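What follows is a single structure, written as structure tokens, with notes after it.
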Amino acid sequence: MAVYRYGDRIPRIGQGAYISDSARVIGDVIIGTDCYIGHGAIIRGDYGTIRLGPGTAVEENAVLHIGPGEHSEIGERVTIGHSATVHAKNVGAFAVIGMGAVLSYDVDIGEWTIIAEGCVVPNGMKIPPGSLVIGVPAKIVGDVGPENRTYWLWGKQLYVDLAHEYAAKLEKIG
């Protein structure tokens, strides 16, 4: 695990969480139980606070950061896709942030919202719960339906399971 103190800011890691040895968790970061922090991910709480709810997945090469003295709350079982950049102040429970998406400063994402791959959510935008969001800049184009929720509950459980399996199965062999 690559977990770093930054001055008096010390990460706190919940039980059952997996953090890749190539990820970087720095400073005032609270990682909930059963989270998955993928290879190459960076979570920087060097001068702000970042809190990840239980069962959240931060996939490979994602970057989470927040401004000086600010707080970023990432809810329960959020999926942050590969190479996403998150500076948001709030990402509600069960939200999905697509691969390569960008959430700028002071963004507020409602629960069960899906932000599409490559979407750019500009500074200060507030997205209501259950929205389907696409584009550059972001545009709400619909609502998240029951079929989306069913699929994503399955996908989120995969990462909770993976967090537990990595601890038992991942072995460096070279």
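Since this is a predicted model, take the numbers as computed values, not measurements.
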Item checked: N/O donor-acceptor pair under 3.5 Å between Glu59 side chain and His82 backbone -> yes
Note to self: I need the Thr33 OG1 to Ile13 CD1 distance, nearest 0.5 Å.
What the structure shows: 12.0 Å
Next item on the list: Indicate whether the side chain of His39 and that of Asp21 have a donor and an acceptor atom separated by less than 3.5 Å.
Entry: no
Margin query: Using 0.5 Å steps for rounding, measure from the CD1 atom of Ile109 to the CD1 atom of Ile74.
Written below: 9.5 Å
Check: Quick check: does any side chain N or O of Asn148 sit under 3.5 Å from a backbone N or O of Gly145, one acting as donor and the other as acceptor?
Finding: yes
Margin query: Between the side chains of Asp28 and Arg51, is the shortest nitrogen-to-carboxylate-oxygen separation below 4.0 Å, so that they form an ion pair?
Written below: no
Next item on the list: First locate atom CD1 of Ile80, then atom CD1 of Ile37, and finally report the distance between them rounded to the nearest 0.5 Å.
Entry: 8.0 Å
Item checked: Taking every non-hydrogen atom, the tightest pair across Gly40 and Ser22 -> N-OG, 3.2 Å
Note to self: Could you check whether any side-chain heavy atom of Val86 comes within less than 4.5 Å of a side-chain heavy atom of Ile50, counting everything from C-beta outward?
What the structure shows: no
Note to self: Just by distance, no angles: are the side chains of Asp108 and Asn90 close enough, under 3.5 Å, to form a donor-acceptor pair?
What the structure shows: yes
Item checked: Student check: side-chain heavy atoms of Ile31 and Val25 closer than 4.5 Å -> yes
Next item on the list: Measure from the side-chain N and O atoms of Ser131 to the backbone N and O of Ile140, and report whether any donor-acceptor pair falls under 3.5 Å.
Entry: no
Check: Judged by atom type as modelled, is there a donor-acceptor pair below 3.5 Å linking the side chain of Arg9 to the main-chain atoms of Asp46?
Finding: yes
Check: Does Thr113 reach the side chain of Val133, with side-chain heavy atoms less than 4.5 Å apart?
Finding: yes
Notebook entry, point to check: Between His164 and Tyr159, is the gap from one ring center to the other below 6.0 Å?
Noted result: no
Check: Is there a donor-acceptor contact under 3.5 Å from the side chain of Thr56 to the main chain of Gly75?
Finding: yes
Next item on the list: Give, for atom OG1 of Thr85 and atom CG of Asn61, the distance between the pair rounded to the nearest 0.5 Å.
Entry: 10.0 Å
